[in-house]
A.B. asks: 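Here's a structure for you.
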Amino acid sequence: MQQQYWDSMVQYAFVSYYYKYRHDQCIRSNIASKIIVALATIGTVTSWTIWDNFSWLLAIVIVILQIAQAAKDLLPFQDRVDELGKMRPAIDELYQKIFSKWKEVQEGQLTNSEISKLEDKFSHEWQSIELEYFNKVNLPERFLTIFRANNATDRDFESMLDKEGRKELYKLRKGILESFFKYIGFWTVRLGKRLSRRPGVKRPSAIITRNAPTKLNRVPMPPVKPAKPE
């Protein structure tokens, strides 16, 4: 159960990073869409006096911009920003609770039954948070974001490993990098699917969250004391 708790905790950390990076991306996309429409509108109005002979063309452009403005309000960027903005604090707070319990698990202060109950409790709370959001708007996966969150998670846990654990983690990360560069020419979604099916890559045996992908590689567990006898 200690290994399972560790794998789940690593996955939760990865998902927390993934949501953080996706939130930042959605904010940038939302701002960019507003700026583009605003600049295009200003440019069109300014050009009306300059290109008087092409007023009919400018009229068509203005109509298109008005449609674009209406369509912008229908795009999911702002909804994604709002959903992630509400969800992230709850996710981060729950992860801190999960991480704070690891010391007890590692030091053998809990029985396997207690660890199992603790993991079930956190899993239920995590899924409850995810179920509360993204019911009306989707959050497409971005492989480069997955890759970035994967690296950030590995860096966080690397300091907790012993020498052998760091060596093993290095080998696992090397396999991911080799796959990344091998398929770098493919479309991002296709790359993600190919990488997730690559035979040589060990995937973590942790839970699979509802809206987020699974971490690309597992992180070796640091040395632990035997679980407390039942």
Side-chain angles (χ1 to χ4, degrees), residues 1-29 80 83-84 87-88 91-92 94-96 98-99 102 105-106 119 122-123 126-127 129-130 133-134 138-224:
M1 287 307 301
Q2 290 168 309
Q3 179 70 60
Q4 187 171 333
Y5 189 93
W6 170 262
D7 288 340
S8 297
M9 182 174 68
V10 170
Q11 169 68 10
Y12 288 134
F14 163 76
V15 173
S16 182
Y17 270 117
Y18 179 77
Y19 283 142
K20 175 184 182 299
Y21 295 146
R22 286 295 282 127
H23 189 210
D24 294 342
Q25 289 172 344
C26 290
I27 290 174
R28 289 195 297 269
S29 298
R80 289 172 185 166
E83 291 282 278
L84 285 168
M87 184 174 69
R88 276 189 56 205
I91 287 287
D92 293 343
L94 179 55
Y95 172 69
Q96 291 304 319
I98 296 169
F99 184 80
W102 167 246
V105 175
Q106 185 180 27
E119 187 178 5
F122 287 142
S123 177
W126 192 285
Q127 290 174 18
I129 294 172
E130 284 201 312
Y133 302 98
F134 288 99
N138 65 340
L139 185 67
E141 288 186 4
R142 295 287 182 268
F143 176 73
L144 293 180
T145 309
I146 296 173
F147 189 77
R148 185 182 176 193
N150 195 76
N151 287 342
T153 307
D154 285 345
R155 287 194 300 269
D156 271 3
F157 287 100
E158 187 174 5
S159 61
M160 299 171 63
L161 305 178
D162 58 10
K163 186 177 180 181
E164 291 303 315
R166 286 194 292 271
K167 282 183 179 179
E168 185 178 354
L169 178 60
Y170 172 77
K171 291 179 182 178
L172 292 168
R173 292 182 67 181
K174 185 179 178 182
I176 296 297
L177 284 171
E178 287 174 354
S179 296
F180 177 77
F181 288 115
K182 181 177 180 181
Y183 297 110
I184 194 66
F186 286 85
W187 183 37
T188 309
V189 174
R190 185 175 178 81
L191 171 60
K193 290 179 180 178
R194 282 175 172 268
L195 185 56
S196 66
R197 294 198 300 264
R198 184 176 180 273
V201 177
K202 293 181 179 179
R203 305 298 296 277
S205 58
I207 50 86
I208 296 189
T209 47
R210 177 172 175 260
N211 290 313
T214 305
K215 193 176 183 304
L216 295 174
N217 63 275
R218 66 184 183 85
V219 176
M221 185 174 69
V224 298

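Please read all numbers here as calculations on a predicted model, not as lab measurements.
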A.B. asks: For the residue pair G165 and P220, what are the closest heavy atoms and their distance?
C.D. replies: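 Heavy atoms of G165 and P220 come nearest at O-CG, 3.5 Å.
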A.B. asks: Between V15 and P213, which heavy-atom pair has the shortest distance, and what is it?
C.D. replies: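 Minimum heavy-atom contact is CG2-O, 4.2 Å.
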A.B. asks: Can you measure from OH (Y95) to CD (Q11) and round to the nearest 0.5 angstrom?
C.D. replies: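 Separation between the atoms: 11.5 Å.
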A.B. asks: Give, for atom CZ of R166 and atom CG of D154, the distance between the pair rounded to the nearest 0.5 Å.
C.D. replies: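 Result: 13.5 Å between the selected atoms.
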A.B. asks: Would you find a donor on one side and an acceptor on the other, under 3.5 Å apart, between the side chain of S29 and the backbone of Q25?
C.D. replies: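 Yes, because the side chain of S29 sits within donor-acceptor range (under 3.5 Å) of the backbone of Q25.
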A.B. asks: Can you tell me how far the CG atom of N217 sits from the NZ atom of K171, to the nearest 0.5 Å?
C.D. replies: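 Answer for the CG-NZ pair, N217 versus K171, is 14.0 Å.
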A.B. asks: Taking all atoms of both residues into account, what is the closest heavy-atom pair of C26 and L84, and its distance?
C.D. replies: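 For C26 and L84, the tightest heavy-atom pair comes out as SG-CD1, 4.1 Å.
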A.B. asks: With side chains defined as the heavy atoms from C-beta onward, is the minimum distance between V224 and V105 less than 4.5 Å?
C.D. replies: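 The answer is no; the side chains never approach within 4.5 Å.
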A.B. asks: I need the Q2 CD to M221 CE distance, nearest 0.5 Å.
C.D. replies: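 With rounding to 0.5 Å, CD (Q2) is 6.0 Å from CE (M221).
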A.B. asks: Any donor and acceptor pair, going by atom type alone, linking the side chain of S16 with main-chain N or O of Y12 inside 3.5 Å?
C.D. replies: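 Flag not set: sc S16 to bb Y12 has no pair under 3.5 Å.
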A.B. asks: Kindly determine whether I146 and F14 satisfy side chain to side chain contact (heavy atoms under 4.5 Å, CB included), including the steps that lead there.
C.D. replies: CA-CA 9 Å; I146 296 173; F14 163 76; 3.8 Å; yes
A.B. asks: Can you list the steps and then say if L172 with V219 is a side chain to side chain contact (heavy atoms under 4.5 Å, CB included)?
C.D. replies: CA-CA 8 Å; L172 292 168; V219 176; over 6 Å; no
A.B. asks: In the structure I gave you, are the side-chain heavy atoms of F147 and N151 within less than 4.5 Å of one another anywhere?
C.D. replies: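 A side-chain contact exists here, since the closest heavy-atom pair is under 4.5 Å.
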A.B. asks: Would you say N150's side chain and L216's backbone share a donor-acceptor pair under 3.5 angstrom?
C.D. replies: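 A pair under 3.5 Å: yes.
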A.B. asks: Report the residues that fulfil side chain to side chain contact (heavy atoms under 4.5 Å, CB included) with P140, sequence neighbours left out, ordered by chain and then residue number.
C.D. replies: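 For P140, the residues satisfying side chain to side chain contact (heavy atoms under 4.5 Å, CB included) (neighbours in sequence not counted) are R22, R80, N138, R142.
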A.B. asks: Evaluate the criterion salt bridge (Lys or Arg N to Asp or Glu O under 4.0 Å) for residue pair K20 and D24; output intermediate values, then yes/no.
C.D. replies: CA-CA 6 Å; K20 175 184 182 299; D24 294 342; 3.7 Å; yes
A.B. asks: Taking the inter-plane angle between the rings of W6 and F157 on a 0 to 90° scale, is it parallel (under 30°), tilted (30 to 60°) or perpendicular (over 60°)?
C.D. replies: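 Aromatic pair W6/F157 classed perpendicular.
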A.B. asks: Please list, chain by chain and in numerical order, all residues satisfying side-chain hydrogen bond (donor to acceptor under 3.5 Å, both in side chains) with D156, sequence neighbours excluded.
C.D. replies: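 Partners of D156 under the side-chain hydrogen bond (donor to acceptor under 3.5 Å, both in side chains) test: Y17.
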A.B. asks: Is the shortest side-chain heavy-atom distance between E158 and R173 below 4.5 Å?
C.D. replies: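 A side-chain contact under 4.5 Å exists here.
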A.B. asks: Is a donor from one side chain sitting under 3.5 angstrom from an acceptor on the other, for S8 and Q4?
C.D. replies: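 Per modelled atom types, S8 and Q4 side chains form no pair under 3.5 Å.
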A.B. asks: So, D92 versus Q96: side-chain donor-acceptor pair below 3.5 Å or not?
C.D. replies: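 D92 vs Q96: no donor-acceptor pair found between side chains.
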A.B. asks: Please test I98 against Y5 for side chain to side chain contact (heavy atoms under 4.5 Å, CB included), starting from the C-alpha separation and ending with a verdict.
C.D. replies: CA-CA 9 Å; I98 296 169; Y5 189 93; 3.7 Å; yes
A.B. asks: Would R218 and V10 satisfy side chain to side chain contact (heavy atoms under 4.5 Å, CB included), going step by step from the backbone distance to the final call?
C.D. replies: CA-CA 8 Å; R218 66 184 183 85; V10 170; over 6 Å; no
A.B. asks: State, with a plain yes or no, whether a side-chain heavy atom of Y19 is found less than 4.5 Å away from one of L139.
C.D. replies: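 Of all side-chain heavy-atom pairs linking L139 with Y19, at least one is under 4.5 Å.
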A.B. asks: Let me confirm one number: the CG-CD1 distance from L94 to I129, rounded to the nearest 0.5 Å.
C.D. replies: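 One gets 5.0 Å once the value is rounded to the nearest 0.5 Å.
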A.B. asks: Report yes if the side chains of M9 and F122 come closer than 4.5 Å at any heavy-atom pair, otherwise no.
C.D. replies: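 M9 vs F122: side chains apart.
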